[in-house]
Amino acid sequence: MASNIHDLARHLNISIGTVSRALNGRADVKAETRERVLDAARKLNYSPNQSGRNLRRGATQSVAFMLHPHPGDQQYGEPFFIPFITGLQAKLAEYGLDLMVVMGAPGDYQQERLRRVVETRRADAVVLAATRRQDDRIDYLIQAGFPFATLGRSLSGGRSYPSLDLDFEKAGADAVDRLVSRGHTRIAAVRPLHNLNFGYLFMAGYRKALKRHGLDFDPELTAAGLINESGGYTVTPDLMRAKKPPTAIIFNNDAMALGGCRALVEMGLEPGKDVAVVVIVDTALCRYYSPTLTAFRPALEPLGRRMGEMLLASMPALAGPEGTKIIREVWPLELVVRDSD
């Protein structure tokens, strides 16, 4: 066991300064040297005096993940975000960083809590989720010069920050293609409220695919609801009361789909038989509903790890000798065929 940095340097036969710079993630240390130092620190159970380091460096060695709860009886996020957070934390831990989750309050969309994190320097960087079409949080972080990355795209901020998103537009189009190939021409779409950007992307793909197949866009076949079971439960009956009701529904969220299926059953309709159902995005909830729900699946844990890599690459102290990079990626979703369509 190494009780101090001197012991660790002596064990590695390198200078204390090199060990210190490697532990602090300095860019002037070779990647192989940093890995060697971190590996030895783990094996020897070396733990630096974190409070002292933080005071000297003005750093907290932590990243804040801003998670925004939605109103209602089902607090959206757990089936999706837990695997994502697992991957993100695993990557950050390789660089000695901790991940803390900061919950927003319904109504303020996190702005006050985000300001508190930034202005009191409770974290060295933040990760934003649930990005809106126009997102004040992004504008604020850019103006403050505070490191951040986003899970999801936005029209705010241009290409000046790392972002990682799922290809909701293609998934929306692929869902329509699949349903049309099975004879459906009346296809409904349920998206989230609150101007969440992934809902816009989903609807863009939905509309493009309808046009490609020569099908008219019908506003009566679209609805927006809260991202929870009650949201899907509330809007689905209105869709089914249209003059020409849909024979298929695409839900832009797993919890909304569960509520929508419950509403269909109460109306005397059987999901997967009387009305086809497709979900974007897949979680365990889709696998255990009856009928099991056809859905588009993301690789959530690898997605979290990649988010960590992209954030670290944008931070000067951790980017490595090649310098900082702003990386922006869109990941595909894999169709998982089940019983509901």
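Model, not experiment: these values are computed from the prediction. Residue numbers count from 1 along this sequence. Computation of the quantities below employed the complete heavy-atom set of this structure, encompassing side-chain atoms and omitting hydrogens, waters and symmetry-equivalent molecules.
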Between R122 and T120, a side-chain donor and acceptor under 3.5 Å: yes
Full working for side-chain hydrogen bond (donor to acceptor under 3.5 Å, both in side chains) between T283 and D254: CA-CA 7 Å; T283 69; D254 55 341; 2.4 Å; yes
Salt bridge (Lys or Arg N to Asp or Glu O under 4.0 Å): pairs with one or both residues in residues 294-306, sequence neighbours excluded: E94-R305, D282-R297, R306-E309, R306-E329
Min side-chain heavy-atom separation L179-I250 under 4.5 Å: yes
Heavy-atom donor-acceptor pair, S340 side chain to A276 backbone, under 3.5 Å: no
N/O donor-acceptor pair under 3.5 Å between R153 side chain and L164 backbone: no
R133 side chain vs L155 backbone, donor-acceptor pair below 3.5 Å: no
Donor-acceptor pair, side chain of T33 and main chain of V29, under 3.5 angstrom: no
Worked check of side-chain hydrogen bond (donor to acceptor under 3.5 Å, both in side chains) between S62 and D98: CA-CA 4 Å; S62 65; D98 293 320; over 6 Å; no
Side-chain donor-acceptor pair present, N195, R132, cut-off under 3.5 Å: no
Under 3.5 Å side-chain donor-acceptor pair for T60 and D124: yes
Expected output: side-chain S314 to main-chain L311 donor-acceptor under 3.5 Å: yes
Among I142, L114, V63, the one residue meeting side chain to side chain contact (heavy atoms under 4.5 Å, CB included) with F148: I142
Reference residue M307; test side chain to side chain contact (heavy atoms under 4.5 Å, CB included); the match among L88, L92, I327, I85: L88
Heavy-atom closest pair, residues R186 and P245: CB-O, 3.8 Å
Atom of V118, atom of R121 and distance for their closest heavy-atom approach: O-NH1, 2.5 Å
Mutual orientation of the aromatic rings belonging to F81 and F84 [parallel < 30°, tilted 30-60°, perpendicular > 60°]: perpendicular
Quiz item: cation-pi between R262 and Y289, 6.0 Å / 45°: no
Check: R113 side chain, M103 main-chain N or O, donor-acceptor pair, under 3.5 Å: yes
N197 versus S154, side-chain donor and acceptor atoms under 3.5 Å: no
Polar contact flag, side-chain donor to acceptor under 3.5 angstrom, D177-H213: yes
Residue pair Y200 / E169, side-chain donor-acceptor N/O under 3.5 Å: no
Distance under 6.0 Å and angle within 45° of ring axis: R191 vs F202: no
